[in-house]
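Everything on this sheet refers to the single structure shown next.
Order of appearance sets the numbers: ligands from 1, and atoms from 1 within every ligand.
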Amino acid sequence: MQTSETSAIASRAGMMDHDSRIYVAGHRGLVGSAIERELRRLGYRNIITRTRTGLDLNNAPAVQAFFAQERPEYVFLAAAKVGGILANNTYPADFIRENLQIQSNVIEASRQAGVKRLLFLGSSCIYPKLCPQPIKEDYLLTGPLEPTNRPYALAKIAGIEMCWSYNRQYGTQYLAAMPTNLYGPNDNFDLNNSHVLPALIRKTANAKAGGAREVVVWGTGTPRRELLYSDDLAEACCFLMKLDEDRFSSLLNQDVPPLINIGTGEDVTIRELAETVARVIGFDGDLTFDTTKPDGTPRKLLDVSRLNALGWRYKVPLEEGIRRTWEAFNQRSLT
Ligand SMILES: NC(=O)c1ccc[n+]([C@@H]2O[C@H](COP(=O)([O-])OP(=O)(O)OC[C@H]3O[C@@H](n4cnc5c(N)ncnc54)[C@H](OP(=O)(O)O)[C@@H]3O)[C@@H](O)[C@H]2O)c1
């Protein structure tokens, strides 16, 4: 917790203090809601949010008017059009257009409003499909992307490039954070456009509730995935935005993209993931693998040494995080 003295020093240095005006874009989503919770837990009092009905981030004039009125000093950009393989395949045009629009509108409005620091949330799908593992930040743009979510990934790469370009041209302090696959209580459990873990939770819960003896998992079960609990991600995001000037500036070296991976540095196979979900939910039927469905990238494990070197590590173990997510899913189904 900051004292009034450290708070005053923080303000002088341009660092976040408890009265700073902090805008969390996408505060109802998995990431944004976790960031807002974490900020409140840390004692930040001036958090600004808007629902999509209150502010459509695709609407540039509305975004500019909002920034001019609210004058946020710090921005967590966690609003985006997000989805799994099926949604990305079905709506590729929406994925590239909306993500480019949202991030361009927020980044430009932030510059005009003199925002001190901005954290742009991207995704590990920005890295080449077959790049060496674990994936270092330096592997950006070193090979072809996974085709199923290329429009989304390219929008995110453009977002990183925008942060970098703005930092060079305008001297801004915009950092791009690339989280690994996330999961947590506010996840999207819709089978038509959810990620692998919430989809597994939903399918397994349905199978248990309906007395089915089988859960069908997409793909071969062999791809490896790294998963980070959303509260851990939120903690990492706040940790980064609170860094002192020297350490924050060290991430904005003008010669390389202002990019930092956020993950656990550990991964499991989809089969192991499905087995853990079955164990947590108490489903004792069979897991079968539909090999006619795409596997996606064979392995995606982030190199998190840059973040670890700054002093941050994840806390919530996978099985514990799945248990918390399952409990939240259950609560939601009951209400
Ligand atoms: N989930 C993951 O596994 C994961 C992994 C790595 C990175 N990320 C990144 O984290 C960020 C957030 O992802 P998420 O999982 O939290 O997504 P999410 O749960 O779908 O939340 C996205 C949020 O953005 C808002 N939003 C979307 N379009 C908007 C618009 N035009 N105007 C205003 N608000 C809009 C949504 O509002 P509504 O609630 O009204 O829809 C929602 O609150 C994304 O940049 C994503 O790339 C996510």
Ligand 1 and [X], any nitrogen or oxygen pair closer than 3.5 angstrom?
X: Ser123; value: no
X: Val82; value: no
X: Pro179; value: no
X: Leu77; value: no
X: Thr180; value: no
X: Leu182; value: yes
X: Asp56; value: yes
X: Gly32; value: no
X: Ile102; value: no

Regarding [atom]: of the candidates [options], which has the closest heavy atom?
atom: atom 8 (N) of ligand 1; options: Ser124, Ser230, Gly122; result: Gly122
atom: atom 14 (P) of ligand 1; options: Leu121, Leu228, Val31; result: Val31
atom: atom 38 (P) of ligand 1; options: Glu98, Arg52, His27; result: Arg52

Report yes if the side chains of [X] and [Y] come closer than 4.5 Å at any heavy-atom pair, otherwise no.
X: Gln173; Y: Glu245; answer: yes
X: Leu240; Y: Cys238; answer: no
X: Val82; Y: His195; answer: yes
X: Met162; Y: Tyr174; answer: no
X: Leu154; Y: Leu145; answer: yes

For the side chain to side chain contact (heavy atoms under 4.5 Å, CB included) test, which of Lys242, Glu38, Arg21 pairs with Tyr44?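 Exactly one candidate clears the test, Lys242.
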Using a 4.0 Å cutoff against the non-hydrogen atoms of [X], which atoms of ligand 1 qualify?
X: Leu55; result: 32 (N), 33 (C)
X: Arg28; result: 39 (O), 43 (O)
X: Tyr152; result: 46 (C), 47 (O)
X: His195; result: 1 (N), 2 (C), 3 (O)
X: Lys156; result: 44 (C), 45 (O), 47 (O)
X: Asn58; result: 31 (N)
X: Gly26; result: 23 (C), 24 (O), 43 (O)

Show the nearest heavy-atom pair for residues Val63 and Asn105, with the distance to one decimal.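 Scanning both residues, the minimum pair turns out to be CG1-O, 3.7 Å.
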How far apart are the closest heavy atoms of Val217 and Ala274, and which atoms are they?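 Where Val217 meets Ala274 most closely, the heavy atoms are CG2-CB, 4.1 Å.
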Under 6.0 Å between ring centres: does that hold for Tyr23 and Phe66?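 Judged by ring-centre distance (under 6.0 Å), Tyr23 and Phe66 do meet the cut-off.
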Under 4.0 Å from ligand 1, counting heavy atoms only, is it the side chain of Met178, its backbone, both or neither?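 It is neither; nothing of Met178 touches ligand 1.
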Would you mind telling me if ligand 1 is within reach of the side chain of Phe120, the backbone, both or neither, using heavy atoms under 4.0 Å?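 For Phe120, there is no contact with ligand 1 at all, from either part.
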Among all the protein's non-hydrogen atoms, which is closest to [atom], and how far away is it?
atom: atom 19 (O) of ligand 1; result: Leu30 N, 2.9 Å
atom: atom 22 (C) of ligand 1; result: Ala80 O, 3.6 Å
atom: atom 32 (N) of ligand 1; result: Leu57 N, 2.9 Å
atom: atom 12 (C) of ligand 1; result: Ala78 O, 3.1 Å
atom: atom 43 (O) of ligand 1; result: Gly29 N, 3.1 Å

Does [X] count as lying over the ring of [Y], i.e. NZ or CZ under 6.0 Å from the six-ring centre, within 45 degrees of the axis?
X: Lys81; Y: Phe95; answer: yes
X: Arg168; Y: Trp164; answer: yes
X: Arg117; Y: Phe248; answer: yes

Could you measure the distance from the OH atom of Tyr152 to the OG atom of Ser123? Nearest 0.5 Å is fine.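 Separation between the atoms: 4.5 Å.
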Glu146-Thr148 side chain donor-acceptor pair, cut-off 3.5 Å: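 A pair is found: one side chain offers a donor N or O, the other an acceptor, under 3.5 Å apart.
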Joint cluster assignment, Leu259 & Leu252, ILVMFWY side-chain distance < 4.5 Å: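 No; Leu252 is not reachable from Leu259 via cluster members.
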